[in-house]
Engineer: 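Structure incoming, see below.
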Amino acid sequence: MAKYPFTEIEKKWQRRWDEGKSYRVLEDPKFPKEKRRYVLDMFPYPSGAGLHAGHVENYTITDIYSRYLRMNGFNVLHPMGFDAFGLPAENYAIKTGTHPAVTTQANVDKFREQIKSMGFLYDWDRELSTTDVEYYKWTQWIFLQLYKAGLAYESDKPINWCPSCKTGLANEEVVDGECERCHTKVTRKKLRQWVLKITAYADRLLADIDKVDWPEPIKQMQRNWIGRSEGATVRFAVDGTGDLIEVFTTRPDTLFGATYMVLAPEHALVPKITSAAHRAAVDGYVEAAARKSDLERTDLAKDKSGVFTGAYALNPVNGKRIPIWISDYVLASYGTGAIMAVPAHDGRDWDFAKKFGLPIIQVVAPEGSVEAKLGSCPDEPPACTEADGVAINSGQFTGMPTGETKKAMTKWLEAQGLGKLAVNYKLRDWLFSRQRYWGEPMPLVHCEKCGVVPLPESELPLLLPEVKSYEPSGTGESPLANIPEWVNTKCPTCGGPARRETNTMPQWAGSCWYYLRYIDPRNPGSFVDRSKMDYWMPVDLYVGGAEHAVLHLLYARFWHKVLFDLGLVNSDEPFTRLVNQGQILGTDGQRMSKSRGNTVNPDDYIAECGADALRVFIMFMGPIEAEKPWSTAGLTGVVRFLERCWALGEKPVVEGAGDAALVKLLHKTVKKVSADSGTMNYNTAISQMMVYSAELARLESLPRSLYEPLVLMVAPYAPHLAEELWEKLGHKDGIAAASWPTYEEALCVDDEKEIVVQVNGKIRERFQTASGTPEAELEAKARAFPKVQEWIAGKEIAKVIVVKDKLVNIVVKG
RNA sequence: GCCGGCGUGGCGGAAUGGUAGACGCGGCGGACUCAAAAUCCGCUAUUCGCGAGGAUGUAGGGGUUCAAGUCCCCUCGCCGGCACCA
């Protein structure tokens, strides 16, 4: 079979698409709302390494989908851009002195070229980079809106600090106690920070997950990350001092079993309530805890530690004096930073009580147990039980099932003014500032008189200044702090001396709203034009990796909701449907990484067998969501398929209907490929086209009516080849603008069906019969076979199941 | 530990509760050729049998059903996420 000149063809069509701007998309009102689609890719960080296999997979999925939709009469917005702020360019700058903007530009150019060489049709007139001044001007503008809405605040609580990246990290960027980016152990550092109040949106971020069509695992991850838990706050008085310690508990029903309290070492009351006798021990413990990293305080500290403060609290339900301890198993950052300990019904409290010999009182017993019947249990229980049951040893609540006790106790606490219903979230506010250079400067100044003052919007963009050294100062300030002429400014409010904020924004900032800017990328007066936004938003399909489940995808939802509340966007969720493409693994089944040496360079394959083959091959590997190990074995089959299509193009094309059986196969193929392309089941669509092309290949000459639809169906998958074949067929207009073929349902039905004859579910015979043969006739035919007779001979027929066009199952007894 | 997802030939993978293994790779046999490559055709789950044919088979065990890869319960394994969040 003829090798086809893919290099020549691919270059030719890429040039034509570029010159003809066939990628261009406009807000054409002729398309009704239901004929518009916004198909979005997670834009890449333009690294020096170039496009990797994952990018190619991601963008092939959406390119096929977009092309398919266009051929079906949709107006499709399918843009591309670059998430180009971030550390690699900055670290390279530190090493070589090259300005990050220079590195970034070079990488972006390389990426764009590689993306074009894959034949991906993006609207390049809408290309953007988060580092463009005209882009980050609006990132700063949105930040100001957040600030004005009271959603940005300064904090000097200890933060996650990466000593290698020399910057603070958000909770979401700490994975197993390590920096998500460089895997250095994260330490704690006290630093003044800007924080975004994402927790104010916790309830809505949680509730609205139900509205979107996203993969269940991602939704679950977001739910877990937000971590809503319902319970009650309860106030305990400190014996003697009158101080109140508020705790959060999800088990108010176990209040009678609270035998001690534990405060986080950082809790504000610790210094105050500690008795003189215990002060030295407490101070020592607090100091040691402060030095520990979060990792040490969790993983390494499963073995409980703690010290007694010498103070006692009064259990509000029974007035019992209970000791107050401090321990680092209680987190300062969750709830109130203090807990009531119920060792009988909480594993952690149990471990702690056992270690330090604290009393344990059982207050819940399994339903129907002896203790439940008695309503009490005088002895310490043999083990901790967290399961629900019936309240015991609990005064007026004794005998109530756990669920009811929770409600009754909360109500009682409220009535007594001792506590109330409360909801807590695991989600923490978003640490938003970075002590690095290559990011958006924060448009704020610090004035001696006026405090923090936002820059007037008219002064945006606040440009990132040139610096001599990109090295972070290490003191926790960004390199910007070393430029007095930039830092020192005037207060926009009072005109007095002021200092600019020297922190920059994290890389996630730019990606929080890029999908909006694509809609109106060059607008100088607004972040996006309202009517254009109404034309496209929300995003219909968003495709990208699952690694952003709680990072970008949560942050972007948060910003979008803020913009929605400010009346600036038309939807409360940005991404209607999300699809995660499965990772492409190395040939060894491991994740691709440079250190493993199992990476794949798409350029090599484009050179060797062409972009079309690479596109089809990656889609043929398996379902798009599945993890797939890279194996070039299958590439051969795809190349053969494309070569066969090419060879078809060399055959004479004739007019006329063609063989009836082939016509049927054509209609079945159009039906299957249409359905599978629409649902992105590309692997089975390709398989069907292979079957059909193999049948056409047997012909000496090709009826146009059988051949053209194949070329059209191939177009989204192997666009260069299809364009060339289309042109050879005599068409002047490009195939990208042609209409998708149609099929007739009536022609998809076979004349004959094979019927399976089963006896007790086991296949004993098969026969051919006309489609739609009535049930009674099928049964009669089935029973007539000698072999079937043998199997049912001398047995009682209990039942016969007949499924039209499918099978006859004779159920016999004995 | 908790929460998800997955488990099908030698391999990648197909299968609205109704013929398990489509399609592709690889392998075997054949055609073409002086020969080879390329291409084309046929076969290719395991097992018993010369054969006709039979038995087994979708991680393992149980269940529902005339019928289960598919639905339900339990177990095991792999992958991902979370993990002292009270």
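The analysis underlying the following values was restricted to heavy atoms, covering all of them including side chains, and did not include hydrogens, waters or symmetry mates. By convention in this document, chain letters (A, B, ...) are assigned in the order of the sequence lines, proteins followed by strands, and residues within each chain are numbered from 1.
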Engineer: Base, sugar-phosphate or nothing for A:S333? Non-hydrogen atoms, less than 4.0 Å.
Structural biologist: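 Touches nothing.
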Engineer: If B:A15 has a Watson-Crick or G-U wobble mate with both distances under 3.5 Å, name it; if not, just say none.
Structural biologist: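 B:A15 is unpaired by these criteria.
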Engineer: Between A:S229 and B:A86, is there a side-chain N or O to OP1/OP2 distance below 4.0 Å?
Structural biologist: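 Affirmative; the distance criterion is met.
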Engineer: Inspect the contact between A:R228 and A:E230 and indicate whether a charged nitrogen and a carboxylate oxygen are less than 4.0 angstrom apart.
Structural biologist: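 Yes, charged N to carboxylate O under 4.0 Å.
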Engineer: When you get a sec, tell me which of B:G26, B:A86, B:C41 is the closest nucleotide to the side chain of A:R698?
Structural biologist: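 When the side chain of A:R698 is considered, B:C41 is the closest of B:G26, B:A86, B:C41.
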Engineer: Check every atom of B:U56, B:A86, B:C25 against the side chain of A:K762 and return the nucleotide holding the closest atom.
Structural biologist: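 Closest of the options to the side chain of A:K762: B:U56.
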Engineer: Between A:R223 and B:G4, is there a side-chain N or O to OP1/OP2 distance below 4.0 Å?
Structural biologist: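 For B:G4, neither OP1 nor OP2 has a side-chain N or O of A:R223 closer than 4.0 Å.
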Engineer: Would you kindly check if the NZ (Lys) or CZ (Arg) of A:K354 is within the cone defined by 45 degrees around the ring axis of A:W350 and under 6.0 Å from the six-membered ring centre?
Structural biologist: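 Judged by the rule, A:K354 and A:W350 form a cation-pi pair.
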Engineer: Please list, by residue number, the residues of residues 245-256 of chain A whose heavy atoms come closer than 4.0 Å to an atom of RNA chain B; answer none if no residue qualifies.
Structural biologist: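 Under 4.0 Å from RNA chain B: A:F248, A:T249, A:T250.
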Engineer: With a 4.0 Å cut-off, would you call A:K668 and A:D750 a salt bridge?
Structural biologist: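 Counted as a salt bridge, because a side-chain N and a carboxylate O are separated by less than 4.0 Å.
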Engineer: Kindly confirm or rule out a cation-pi arrangement of A:K304 over A:F352, judged by NZ or CZ under 6.0 Å from the six-membered ring centre and within 45° of its axis?
Structural biologist: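 Output no; distance or angle outside limits.
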Engineer: Within the modelled atom types, does a donor on one side and an acceptor on the other bring the side chain of A:K304 and the base of B:C84 under 3.5 Å apart?
Structural biologist: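 Such a pair exists between side chain and base.
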Engineer: Treat primed atoms plus P, OP1 and OP2 as sugar-phosphate and everything else as base, then score nucleotides 9-21 of chain B 5' to 3': B for base contact with protein heavy atoms under 4.0 Å, S for sugar-phosphate contact only, - for none.
Structural biologist: ---BSS-B-BBS-
Engineer: Need the pair for B:G80. Rule: Watson-Crick or G-U wobble, both distances under 3.5 Å, any strand; none if unpaired.
Structural biologist: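 The answer is B:C3, by the H-bond criterion.
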Engineer: Do A:Y682 and A:F620 have ring centroids that are under 6.0 Å from one another?
Structural biologist: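 No; A:Y682 has its ring centre 6.0 Å or more from that of A:F620.
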